[in-house]
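Below is one structure; the comments refer to it alone.
For the numbers below, each heavy atom of this structure counts, side chains included, while hydrogens, waters and symmetry mates do not. Just so it is clear, the model here is predicted, and its values are computed rather than measured.
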Amino acid sequence: MLTRRTAVLSTAAAAAVSLTATGTARAAQAQAQPVRFRLPAPTGPYPVGTVALRLVDASRHDPWLPHLPYRELMIGVRYPARTVVGHPAAPQMLPGEAAGFAELNSLGGVPAGRVDWAATRTHAYEGAPVLMRGGPHPVILYSPGAGDPRTMNTTLCDDLASRGFVVVTLDHTYDAGAVEFPGGRVEKSVLPAEFAKVADDPAGLTALLRKTLAVRVADTRFLLDALPGALPPALRAAADLRRTGMFGHSAGGFTALQAMHEDARIRAGIDIDGVLAYVQEGNIPGEFSDVAASGLDRPFLLVGKDHDDLRSELAWAALWRRSTGWHRGFSFCGAEHASFTDAEAIVPQLARPLGLSRATVTALVGTLPPALAVPAQRSYVAAFFTRFLRSRGDGGLLDSPSPRYPYVHFFPAECGT
């Protein structure tokens, strides 16, 4: 990923490369044919449909390219479908997005040019008819990590849709590595160049982090404004926007809780491994976000990788102390930052054909196997939104440690205790 925890350029790629000289050499000897991979199938009772939509915010100039008199975004909508027969499976990435992802080479240590990123088909089907039975369905917004496409958490988003949620994924244009618009036009990220400008300027870095998050929150609030009119009629009838939640990974997790702080339309939120301060790592003192400084009065969940807890995450601890709404926090022992994206399922599949070393795989997705990590992530995220958007029980999964998931530690417990 382009970022580590907030909207900063990651050093993970360089670290992974330094760890994997042997694996890279093995990969160079492997076959030249591009490697393909599959994404895990959803586990809910419904098939999944999808549609992509272009949105234009004419009320503001684009903050990254101010000469543009509007802000242009792409969203994807995942939803429970009545049937998917006769509809094509949607790609995870369109060709322009796949090329941009490979160019950015955001999975450090993986030879991106050796992977056919455009070949992957998801378990969502384009234009499938919406399931009206049991609706209208709660709505969940998803914001990706900085530099990532909105499709880099298809594993979680498709699963939520298969459980009866309408999931809206948001590309933050010029932040995401590459965004492909109708007609094939591709807009690439400006963040690498922007962060290069402030590499040796701490004040400039803080200002850029503030801008990045402010743009993302403005995108989110515009999305909330636009959805009632932007959704196709059947989806509009099937989506209950009065019950809207949001989650995100890394900078997207920061975005979710900051947007929730600023906009009461977001009833519940999840921050997955995102720092809530304008610093590069959660244990570095620095300027807290408004949400961390003020707290939340609605339900939220904090999800961290191995050894992330209220001791290591200063802004998380501040948010925890100052919040009056329901809140919980978990550490996934053995997980790494990218474990909470599609990389969890992808990287182990690429290891053998690309000759990736164990050190490379571990640096990216940790030691918790996908067969354990993916079901647990899906279960906890779905349980949270089921409780707070549907007002239904979740079997107590959010209330105490589960013997099904002994590697998920509730705060204030720590991994290794």
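- In this structure, R236 contributes its side chain and L231 its backbone to a donor-acceptor pair below 3.5 Å.
- Note that CG of D394 and CG of D399 are 6.0 Å apart. Values are rounded to the nearest 0.5 Å.
- Here CG of L301 is found 11.0 Å from NE2 of H327. Values are rounded to the nearest 0.5 Å.
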Going through the distances and angles, do T50 and Y125 end up as a side-chain contact (heavy atoms from CB on, under 4.5 Å)?
CA-CA 6 Å; T50 186; Y125 293 81; 6.0 Å; no
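- Side-chain N or O atoms of W316 include one that pairs as donor or acceptor with a backbone N or O of G274 at under 3.5 Å.
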Let's go through T169 and T151 carefully: what are the C-alpha distance in whole Å and the side-chain angles of both, what is the deciding distance for side-chain contact (heavy atoms from CB on, under 4.5 Å) to 0.1 Å, and is it a yes or a no?
CA-CA 7 Å; T169 60; T151 55; 5.7 Å; no
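- Considering only heavy atoms from C-beta on, P412 stays 4.5 Å or farther from W320 through its side chain.
- Looking at every heavy atom in both residues, A382 comes nearest to L160 through CA-CD2, 3.9 Å.
- Aromatic ring centres of F300 and W326: separated by at least 6.0 Å.
- Atom OG of residue S339 and atom CG of residue L368 lie 7.0 Å apart, to the nearest 0.5 angstrom.
- Using a 4.0 Å cut-off between a side-chain N of Lys or Arg and a carboxylate O of Asp or Glu, D158 and R163 do not qualify as a salt bridge.
- The shortest side-chain heavy-atom distance between R328 and F411 does not fall under the 4.5 Å cut-off.
- In summary, K188 and E103 engage in a salt bridge, as defined by a charged side-chain N under 4.0 Å from a carboxylate O.
- A salt bridge does not link R78 to D159: none of the charged nitrogens lies less than 4.0 Å from a carboxylate oxygen.
- Note that CG of L310 and OG of S331 are 8.5 Å apart. Values are rounded to the nearest 0.5 Å.
- Using a 4.0 Å cut-off between charged side-chain N and carboxylate O, R185 and E72 make a salt bridge.
- Nearest heavy atom pair, residue L319 against residue L296, reads CD1-N, 4.1 Å.
- Classified by interplanar angle (parallel below 30°, tilted 30° to 60°, perpendicular above 60°), the ring pair W117/F37 is perpendicular.
- Between the side chain of H123 and the backbone N or O of L39 there is at least one donor-acceptor pair closer than 3.5 Å.
- Of all non-hydrogen atoms in Q258 and S289, the two that sit nearest each other are OE1-CB, 3.6 Å.
- G109 and L356 make their closest contact through O-CD2, 3.6 Å (heavy atoms, listed as atom of the first residue, atom of the second, distance).
- If you take CZ on R387 and CG on L397, they are separated by 9.0 Å, rounding to the nearest 0.5 Å.
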Could you check S143 against R216 for side-chain hydrogen bond (donor to acceptor under 3.5 Å, both in side chains), going step by step and ending with a plain yes or no?
CA-CA 8 Å; S143 175; R216 286 167 153 263; 3.0 Å; yes
Can you list the steps and then say if T155 with D342 is a side-chain hydrogen bond (donor to acceptor under 3.5 Å, both in side chains)?
CA-CA 6 Å; T155 298; D342 288 337; 2.7 Å; yes
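- Counting heavy atoms from C-beta on, the side chains of E97 and P91 never come closer than 4.5 Å.
- By the 4.5 Å heavy-atom criterion applied to side chains, R221 and E262 are counted as neighbours.
- The residue from D171, L227, V51 that alone fulfils the side chain to side chain contact (heavy atoms under 4.5 Å, CB included) condition with I75 is L227.
- Counting only distance, with no hydrogens or angles, the side chain of S323 and the backbone of G325 share no donor-acceptor pair below 3.5 Å.
- A donor-acceptor pair under 3.5 Å is formed between the side chain of T341 and the backbone N or O of A338.
- Screening V167, V166, L389, I266 for a side chain to side chain contact (heavy atoms under 4.5 Å, CB included) with V139, the sole residue that qualifies is V166.
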Show, in sequence, the C-alpha distance, side-chain angles and deciding distance for R210 and E287, and conclude whether the salt bridge (Lys or Arg N to Asp or Glu O under 4.0 Å) test is met.
CA-CA 10 Å; R210 288 185 64 87; E287 183 182 344; 2.4 Å; yes
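- Using a 4.5 Å cut-off on side-chain heavy atoms (C-beta onward), M246 and T220 make contact.
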Do Y70 and H61 pass the side-chain contact (heavy atoms from CB on, under 4.5 Å) test, and can you show the C-alpha distance, the side-chain angles, and the key distance before you say yes or no?
CA-CA 4 Å; Y70 54 84; H61 286 246; over 6 Å; no
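- Here the side chains of V186 and V179 are not in contact, with every heavy-atom distance at 4.5 Å or above.
- L241 is listed as a side-chain neighbour of P228, based on a closest heavy-atom distance under 4.5 Å.
- Judged by distance alone, with hydrogens and angles left aside, the side-chain atoms of R243 form a donor-acceptor pair with the main-chain N or O of P136 at under 3.5 Å.
- Side chain of S189 to main chain of G177: no donor-acceptor pair is present (N/O by atom type, distance under 3.5 Å, no hydrogens or angles).
- Note on residues 380-417: pairs passing disulfide (SG to SG under 2.5 Å), not counting sequence neighbours, are C333-C415.
- Aromatic ring centres of H337 and H249: separated by under 6.0 Å.
- Between K305 and D273 there is no salt bridge, since no side-chain N of the basic residue sits under 4.0 Å from a carboxylate O of the acidic one.
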Could you walk me through whether D116 and Q33 pass the side-chain hydrogen bond (donor to acceptor under 3.5 Å, both in side chains) check?
CA-CA 9 Å; D116 190 350; Q33 184 175 357; over 6 Å; no
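- Listed here is the closest heavy atom pair of P369 and E344: C-OE2, 3.7 Å.
- Scored by the ring-ring contact (aromatic ring centres under 6.0 Å, His included) test, F410 finds F330 as partners (sequence neighbours excluded).
- Considering NE2 of H409 and CG of D306, their distance stands at 9.5 Å, rounded to 0.5 Å.
- Atom CZ of R265 has more than 12 neighbouring heavy atoms from other residues, nucleotides or ligands inside a 6.0 Å radius.
- Heavy atoms only, all atoms of each residue included: G245 and F385 are closest at CA-CE2, 4.0 Å.
- A centroid separation of 6.0 Å or more is found between the aromatic rings of F165 and H137.
- A perpendicular orientation is assigned to the rings of Y405 and Y407, their planes being inclined by more than 60° (bins at 30° and 60°).
- Sparse packing is recorded around CZ of R38, with 12 or fewer heavy atoms of other residues, nucleotides or ligands lying under 6.0 Å away.
- In this pair, F332 and Y380 present their aromatic rings perpendicular. The plane angle is above 60°, beyond the 30 to 60° band.
- Ion pair R71/D57 not flagged as a salt bridge, since none of the NZ, NE, NH1 or NH2 atoms sits closer than 4.0 Å to an Asp/Glu carboxylate oxygen.
- In this structure, K211 contributes its side chain and P63 its backbone to a donor-acceptor pair below 3.5 Å.
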The test is side-chain contact (heavy atoms from CB on, under 4.5 Å); show your working for L350 and I346 and say whether it passes.
CA-CA 6 Å; L350 301 180; I346 293 170; 3.6 Å; yes
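- Under the 4.0 Å criterion applied to side-chain N and carboxylate O atoms, R242 and D240 are assigned as salt-bridge partners.
- For residues 200-241, there are no ring pair (Phe, Tyr, Trp, His ring centres under 6.0 Å) pairs, not counting sequence neighbours.
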